[in-house]
Amino acid sequence: MADWAFVALGSNLGDRRAHLAFARERLATLPGTNLVAASAIEETAPLGPVPQADYLNQMVLLRTDLAPRELLAQCAAIERSAGRQRTVRWGPRTLDLDIVRYDAAVIADADLVVPHPEIPRRPFWQRELAELMPYADAR
């Protein structure tokens with residue numbers, strides 16, 4: 001049975017809207033995955049110590065047969081396809097994809113923590129989750 005996954009999208013380099021659209025398109029075509037809904041796009045100030053431009057952020061709700069680690073690997077591949085280079089922690093990026101929640105899973109590994117520990121410090125994620133939750137509750 002497929003699981004619900006909430007994936008956050010962010011971009012602050014280049015054509016930010018196009019990067020988010022690219023991510024939505026690619027996520028929707030992952031094996032065993034349907035993009036059920038997407039939140040509104042909002043602009044937010046960057047987080048962290050690195051000076052950089054504002055971000056466009058959005059969250060999508062996926063129904064997926066992919067396991068959390070498989071989804072994480074696919075998200076990283078989509079980021080790379082959009083030109084993402086991991087050079088500076090908290091630095092600017094063409095595309096950032098984060099698994100915020102994965103159904104009722106609780107994962108605490110070095111490279112994957114679900115629910116994402118930054119939810120309490122990211123009001124935009126809280127708004128986006130609230131916007132998408134009715135779609136997940138309508139199972």
Side-chain angles (χ1 to χ4, degrees):
M1 179 180 199
D3 292 306
W4 294 109
F6 294 83
V7 178
L9 291 58
S11 176
N12 77 335
L13 289 176
D15 187 339
R16 301 173 304 164
R17 284 193 183 276
H19 291 308
L20 296 185
F22 173 78
R24 289 190 309 272
E25 291 166 9
R26 292 288 301 272
L27 288 166
T29 63
L30 292 177
T33 301
N34 293 315
L35 193 151
V36 176
S39 72
I41 295 172
E42 60 182 302
E43 190 168 43
T44 63
L47 302 172
V50 179
Q52 57 190 297
D54 287 348
Y55 278 81
L56 284 186
N57 293 286
Q58 182 176 42
M59 192 174 292
V60 296
L61 173 61
L62 305 176
R63 189 78 166 148
T64 186
D65 291 327
L66 297 175
R69 289 207 165 282
E70 293 173 298
L71 180 58
L72 180 65
Q74 293 287 345
C75 286
I78 293 169
E79 289 174 344
R80 286 190 302 275
S81 293
R84 169 85 186 259
Q85 296 178 356
R86 294 181 181 269
T87 54
V88 177
R89 181 168 169 78
W90 295 91
R93 55 206 68 175
T94 54
L95 185 60
D96 185 35
L97 301 178
D98 289 306
I99 300 172
V100 176
R101 289 187 52 198
Y102 187 95
D103 225 302
V106 176
I107 303 166
D109 294 333
D111 60 339
L112 179 61
V113 179
V114 174
H116 199 292
E118 290 296 314
I119 294 171
R121 290 175 286 284
R122 296 188 183 176
F124 55 97
W125 278 4
Q126 294 168 32
R127 288 189 297 273
E128 293 162 359
L129 281 166
E131 184 179 343
L132 295 175
M133 198 57 70
Y135 296 96
D137 289 340
R139 294 184 197 222

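Worth saying up front: this structure is predicted, and the values here are computed from it rather than measured.
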(message) Exactly one of D96, N12, T44 should register a side-chain hydrogen bond (donor to acceptor under 3.5 Å, both in side chains) with N57. Which one does?
(response)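 Of the listed options, the one satisfying the test is T44.
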Write down the atom of [X], the atom of [Y], and the distance for their closest heavy-atom approach.
X: L56; Y: R17; value: CD1-CG, 3.4 Å
X: T64; Y: A5; value: CG2-CB, 4.2 Å
X: A23; Y: L97; value: CB-CD2, 3.9 Å
X: A45; Y: D54; value: CA-OD1, 3.5 Å
X: V100; Y: A8; value: CG2-CB, 3.6 Å
X: I119; Y: Q126; value: O-NE2, 2.8 Å

Could you state the interatomic distance from [atom1] ([X]) to [atom2] ([Y]), rounded to the nearest 0.5 Å?
X: L9; Y: R26; atom1: CG; atom2: CZ; value: 12.5 Å
X: L132; Y: L61; atom1: CG; atom2: CG; value: 6.0 Å
X: Y102; Y: L66; atom1: OH; atom2: CG; value: 7.0 Å
X: T94; Y: D15; atom1: OG1; atom2: CG; value: 11.5 Å
X: R80; Y: L95; atom1: CZ; atom2: CG; value: 12.0 Å
X: S39; Y: W125; atom1: OG; atom2: CH2; value: 12.0 Å

Could you tell me whether a side-chain N or O of [X] sits under 3.5 Å from a main-chain N or O of [Y], the two making a donor and an acceptor?
X: E131; Y: A40; result: yes
X: S11; Y: L20; result: no
X: H19; Y: G14; result: no

Taking C-beta and beyond as the side chain, do [X] and [Y] meet within less than 4.5 Å on heavy atoms?
X: R24; Y: Q58; result: yes
X: R16; Y: Y55; result: no
X: H116; Y: I99; result: no
X: T33; Y: L71; result: no
X: P68; Y: L112; result: yes
X: R69; Y: D111; result: yes
X: P115; Y: F6; result: no
X: C75; Y: L27; result: yes

(message) L35 and side-chain contact (heavy atoms from CB on, under 4.5 Å): which single residue from L30, T29, V60 fits?
(response) V60
(message) Taking side-chain contact (heavy atoms from CB on, under 4.5 Å) as the criterion, tell me which of R101, M133, R63 meets it with W4.
(response) R63
(message) Using the rule that Ile, Leu, Val, Met, Phe, Trp and Tyr join whenever any side-chain heavy atoms are under 4.5 Å apart, tell me whether L47 and V113 fall into a single cluster.
(response) no
(request) Could you tell me whether E42 and R127 have a side-chain N and a carboxylate O separated by less than 4.0 Å? (result) yes
